[in-house]
*Asks:* 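Sharing a structure below in structure tokens format, with a few things to ask.
In what follows, chains carry the letters A, B, and so on, assigned in the order in which the sequence lines appear, proteins first and then strands, with residues in each chain numbered from 1. Note that this is a predicted model, so its numbers are computed, not measured.
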Amino acid sequence: MAACRPTPIVLACTAMNFDLFQAEQAQAETDRLTAGLNTEQARAVTTTEGPLLVLAGAGSGKTRVITHRIAYLVERCGVPPWQILAVTFSNKAAGEMRERIELLLGEASADLWLGTFHRIGVRLLRSFGKHAGLASSFGIYDRDDSQRMIKRSMAALNIDDKQLRPRTVASYMDRAKNRLQLPDDPDLPRSDRTELKCAEIYARYEAEMRRADAVDFGDLLMRPVQVLNDEPTLREHWGRRFRYVLVDEFQDTNHAQYELLRLLTAGSGNLCVVGDDDQSIYSWRGAEVQNILSFPDRFAGATVVKLEQNYRSTDVILAASGALVRQNRTRHDKTLWTDQKGGDLIAIHEANSDSDEADWIAQRIEALRGEYSLSEVAIFYRTNAQSRSLEEAMGRYRLPYVLIGGLRFYDRAEVKDLLAYCRLALNRDDTASWLRAVNTPKRGIGKTTVGRVEAIASAQSISVPEAARRMVSSHERFRGKDKLSVFVELMARIRRLIDNMSADDAGGRILEMSGLRRALQQEQSLENESRLENLAQLVTAMGEYAQSAPDPTLGGYLEQVALVTAVDRLDGEREVLSMMTMHAAKGLEYDVTFVCGLEDGLMPHGRPGTELRDTEEERRLLYVAMTRARKKMHLSYARLRWRFGEQQLQTPSPFLTAIPRDLLDRQGGRRGGFGRVARVGGSWQAQTTRPSRSWPKRATRSIQRDDGTVVEQIAERTETEEVVVQRQGTMAAGSQVKHKTFGAGQVIDVAGYGKLARVTVRFRTVGVKKVLARFLQTT
DNA sequence: GTGTCCCAATTTTTT
DNA sequence: ATTGGGACAC
């Protein structure tokens, strides 16, 4: 098949000898598909052959480019949709993209492969997972399930989960998988005791996962790559399967994703990636900006298109965010521009406390309500914990909101319980689900019995559910056998019954048979009522799924659920405002935005000693947040913030100094900009780019109490309201401290501040340990 | 085997 | 402030 060439038109797609009429038609078609695009966008759409890098600044219309490019490939070049793969960052983005493509293409769009990397990974593994030792019914483990497996693995290896936190192990394995390193990889980090232990646990964990026929998020990327590398026939097939591959948000891809793309485009070489190095905010998750920065080097002959015209924001918003991100050293130089000259100034507000800040935001929203729909308003913050005071304020002002992130619906205990039964029904070796379901609701199978089953599973190298089945059918007698039998038989019955049922029918039956509903109904309480409601809602969701999905089975539903993200639930239609972390804000846009909590240590988030690279990523994160606004942006920070269960004094974010003063409209609070000038003896120290290690010096009165803690009173506030801030006595290297259990010792190093500081102490009796400052007392 | 109480740790961001 | 886990009592 001939390649589709953009220009000149006479050389286009299908046949050699086509007449002028066809040429005109083709031109007309091209015009239709590039209508309303600027020159560069049109070039990105029509440059179909070979590697293509689209450097797309914030709001430069990259989604348009991708959708039009797909339409162009199908309509103008006659590429069958099933030969096109488009990868997006979130399921929501995928959904929106599918909608837009449907408008352009109609029915034909159904065959298109479109989804997140993880979803593509699932699809590939369902197709060839057996080459990775997976049955087709394999389950997908979320963080919770996978943590459970880590704990099991640690227990089996006799490693104390207090000495080595499962979280540490999880992130070690995550990193390994993002780098495509299997447990036997000689390059796995093994430089210290922790890493050695992690590597050991990793191997064990993989074995446990295999027995449970389960994969985690990392596997969804690593396994497909591994299989394609190992199996020449499959590699050959899949390398040719897609003639055109498009990737959105390329700056946030990790090594595994990059390799997957390389394998899937080996045949055609038609890889189009779209991204913006200034918006790379997931390096902590293994994303490598290098993937986008060195794309032209790695893919010889790549075309590079730069989109620098912004269609989203006012000039003011662009200027402010541009001034901020320009401070980063490691970036491609580029400047966004817009036709929308001028615009409202950026409102900036200094609040006394986090709740005052939230109140101010609520008031502003209330005032803007006539002018803007609530669905066009969003609040962004750095950490999920900040949502609390905001939620309270929105409640006080009766402003309806949706909270994106935080506790997901699918994270609720009762929902996970029912889902565990469902998963176990489909995958009889699903260990994590078995452990969850076995005694929920209570059926008298406790630690002892479960421990016995786990021991047998380990001894015989089989899954935990399989061990239970064998124990039940063997002649051996033991206490608790009857109860275990009841559960094993229950699962067998469920399994038989739901075969061939639709997702909601199956879900409903399982809700009954498992006894979950009865247990919740038996004990009447408000909580249980809401739990029952949630479960009913879950079954309803299954029904909605079964109605519309091509695969209406329970299995199909579970697969979808496993990969649902917080943002996916966002619904632009409802007349409510949105609140989310800055990370979740990526790819979204609103008329009116509030970026709050702009304080040192919170934004940029970090501890002292934070590296430049991290600071730059924080700056990019704020840049992403700021570029979400179309018309009106608000920035705010509080002087006093409730953090870690105590009030903490905050200083404004050093990032604020980057924003030109004449773009700001200061609302209340102190006057002037943020400059680097210290107010000697006053409230604010000179702003540094690094979070300060000590508390800001203020006009304070300190009182030493009997127990050694220092109570500070902030003089300038005592007239109206007394604010008491507690802190531990100064803990610097060398000072003598005392710990409840470890006894006396000497401080070697301090990292972090306040009560959450991590202090390294050499204790007289137990040696060197890291402890939290709040568990120490100065002596 | 279950329930309760108390202590320790928690807060980056997430597919 | 909230949560999870372990120790202990029943």
Side-chain angles (χ1 to χ4, degrees), chain A residues 87-94 115-122 140-144 146-147 151 161-162 165-167 170-171 174 177-178 215-221 249 252-254 256-257 280-287 380-389 404-408 411 413 439 441-451 479-480 483 562-568 580-586 597 601-607 610 614 617-618 620-622 624-625 641-648 739-741 752 754-756 758 770-775:
Chain A
V87 189
T88 59
F89 192 73
S90 67
N91 293 303
K92 176 165 183 285
T116 62
F117 271 106
H118 289 83
R119 174 118 19 224
I120 305 288
V122 174
I140 302 164
Y141 279 10
D142 64 10
R143 203 160 93 262
D144 243 45
S146 133
Q147 172 141 322
K151 282 186 177 168
D161 66 0
K162 263 172 291 181
R165 294 188 0 238
R167 285 181 49 175
S171 82
D174 213 39
K177 291 186 178 191
N178 286 338
V215 295
D216 59 25
F217 288 137
D219 288 328
L220 293 179
L221 305 173
E249 307 281 10
D252 280 322
T253 50
N254 61 35
Q257 293 166 329
S280 158
I281 54 174
Y282 281 102
S283 73
W284 50 272
R285 201 167 82 186
F380 306 131
Y381 38 81
R382 179 64 179 83
T383 66
N384 280 309
Q386 288 169 256
S387 68
R388 198 203 184 91
S389 50
I404 312 300
L407 188 66
R408 300 182 317 160
D411 286 335
N439 201 29
K442 306 252 172 296
R443 45 174 76 89
I445 305 174
K447 277 197 282 251
T448 319
T449 308
V450 172
R479 252 178 83 177
K483 286 168 176 166
L563 300 176
V564 158
T565 65
V567 187
D568 297 336
M580 69 194 80
T581 64
M582 299 185 189
H583 280 90
K586 182 163 97 158
L602 191 58
M603 182 74 244
H605 194 280
R607 304 174 283 277
T610 305
D614 301 333
E617 179 148 313
E618 292 290 305
R620 288 194 293 270
L621 183 56
L622 181 53
V624 166
R641 181 170 296 275
W642 205 260
R643 277 184 95 187
F644 318 122
E646 65 175 2
Q647 293 252 3
Q648 286 205 349
H739 186 274
K740 249 190 203 163
T741 37
K755 286 190 172 179
L756 257 254
R758 271 162 285 278
K770 281 191 179 180
V771 281
L772 288 178
R774 61 177 305 192
F775 300 114

*Asks:* Taking for each residue the nucleotide of DNA chain C bearing the nearest heavy atom, is the 5' side occupied by A/Gln147 or by A/Trp642?
*Replies:* A/Trp642
*Asks:* Provide, to the nearest angstrom, the distance between the CD1 atom belonging to A/Ile140 and the P atom belonging to B/dT14.
*Replies:*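 Whole-Å distance recorded here is 20 Å.
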*Asks:* Measure from CD on A/Gln386 to C1' on B/dT10 and round the result to the nearest Å.
*Replies:*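 A/Gln386 atom CD is separated from B/dT10 atom C1' by 16 Å.
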*Asks:* Separation of A/Asn384 atom CG from C/dT2 atom P, in whole Å?
*Replies:*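 To the nearest whole Å, that distance equals 17 Å.
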*Asks:* Which atom pairs link the protein and nucleotides 6-10 of chain C when you take only N or O atoms and keep those under 3.5 Å?
*Replies:*
none

*Asks:* Taking A/Gln257 for the side chain and A/Phe117 for the main chain, is one N or O donor matched with an acceptor at less than 3.5 Å?
*Replies:* no
*Asks:* Identify which nucleotide among B/dT10, B/dT14, B/dG1 has an atom closest to any side-chain atom of A/Arg165, counting heavy atoms from C-beta outward.
*Replies:*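 Looking only at heavy atoms from C-beta outward on A/Arg165, the closest nucleotide is B/dT10.
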*Asks:* Is it the case that more than 12 heavy atoms not belonging to A/Arg443 sit under 6.0 Å from its CZ atom?
*Replies:* yes
*Asks:* Kindly point out which of B/dG1, B/dT13, C/dG5 is positioned nearest to the side chain of A/Thr449?
*Replies:* B/dG1
*Asks:* Report yes or no: is the ring centroid of A/Tyr282 under 5.5 Å from the six-membered base ring centroid of B/dT13, with the two planes under 30 degrees?
*Replies:*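 It does not: the two rings, one from A/Tyr282 and one from B/dT13, miss the stacking criterion.
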*Asks:* Could you tell me the separation between the CD atom of A/Glu249 and the P atom of B/dT14, rounded to a whole number of Å?
*Replies:* 15 Å
*Asks:* Expressed in angstrom and rounded to an integer, what is the separation of A/Asp144 atom CG from C/dT3 atom P?
*Replies:*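 Computing the A/Asp144:CG to C/dT3:P distance gives 14 Å.
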*Asks:* Taking only the side-chain heavy atoms of A/Lys442 (C-beta and beyond), determine which of B/dG1, C/dG5, B/dG3 contains the nearest atom.
*Replies:* B/dG3
*Asks:* Can you name the residues that form a salt bridge (Lys or Arg N to Asp or Glu O under 4.0 Å) with A/Arg388, not counting sequence neighbours?
*Replies:*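 Salt bridge (Lys or Arg N to Asp or Glu O under 4.0 Å) check on A/Arg388 returns A/Glu392.
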*Asks:* Applying salt bridge (Lys or Arg N to Asp or Glu O under 4.0 Å), name anything that partners A/Asp142, two or more places apart in sequence or on another chain.
*Replies:*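 A/Asp142: salt bridge (Lys or Arg N to Asp or Glu O under 4.0 Å) contacts with A/Lys416.
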*Asks:* Closest to the A/His583 side chain: B/dT15, C/dG5, B/dT13?
*Replies:* B/dT13
*Asks:* Return the value, rounded to whole Å, for the distance between atom CG of A/Leu621 and atom C1' of B/dT14.
*Replies:* 13 Å
*Asks:* Can you name the residues that form a salt bridge (Lys or Arg N to Asp or Glu O under 4.0 Å) with A/Asp216, not counting sequence neighbours?
*Replies:*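 A/Asp216: salt bridge (Lys or Arg N to Asp or Glu O under 4.0 Å) contacts with A/Lys177.
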*Asks:* What is the separation between atom CD on A/Gln257 and atom P on B/dT14, rounded to the nearest whole Å?
*Replies:* 16 Å
*Asks:* Using only side-chain N and O atoms of A/Thr116, determine if any of them is under 4.0 Å from OP1 or OP2 of B/dT15.
*Replies:* no
*Asks:* For B/dT2, does OP1 or OP2 lie under 4.0 Å from any side-chain N or O of A/Asn439?
*Replies:* yes
*Asks:* I want to verify a distance call: between B/dT14, C/dA1, B/dT10, whose nearest atom is closest to the A/Arg388 side chain?
*Replies:*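 The answer is C/dA1.
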*Asks:* Name all residues meeting the side chain to side chain contact (heavy atoms under 4.5 Å, CB included) criterion together with A/Ile281; count only those two or more places apart in sequence or in a different chain, and write none if there are none.
*Replies:* A/Asp252, A/His583, A/Lys586, A/Arg620, A/Leu621, A/Val624
*Asks:* Counting N and O atoms only, with roles assigned by atom type, does the side chain of A/Asp174 sit under 3.5 Å from a partner on the main chain of A/Arg285, one being a donor and the other an acceptor?
*Replies:* no
*Asks:* Measuring only the C1' atom in each nucleotide, how far is B/dT11 from C/dG6? A whole number of Å is fine.
*Replies:*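 My reading of the C1' atoms in B/dT11 and C/dG6 gives 23 Å.
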*Asks:* Would you say B/dT14 has OP1 or OP2 under 4.0 Å from some side-chain N or O of A/Thr581?
*Replies:* yes
*Asks:* Mind calculating the distance between CZ (A/Arg119) and P (B/dT15) to the nearest angstrom?
*Replies:* 12 Å
*Asks:* Looking for any heavy atom pair under 4.0 Å, which part of the strands does A/Lys151 touch: base, sugar-phosphate only, or nothing?
*Replies:* sugar-phosphate
*Asks:* If you assign A/Gly444 and A/Arg167 each to the DNA chain B nucleotide with the nearest heavy atom, which residue ends up on the more 5' nucleotide?
*Replies:*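 Per heavy-atom nearest nucleotide, the more 5' residue is A/Gly444.
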*Asks:* Can you sort out the partners of A/Phe89 under ring-ring contact (aromatic ring centres under 6.0 Å, His included), two or more places apart, ordered by chain and number?
*Replies:*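 Partners of A/Phe89 under the ring-ring contact (aromatic ring centres under 6.0 Å, His included) test: A/Tyr282.
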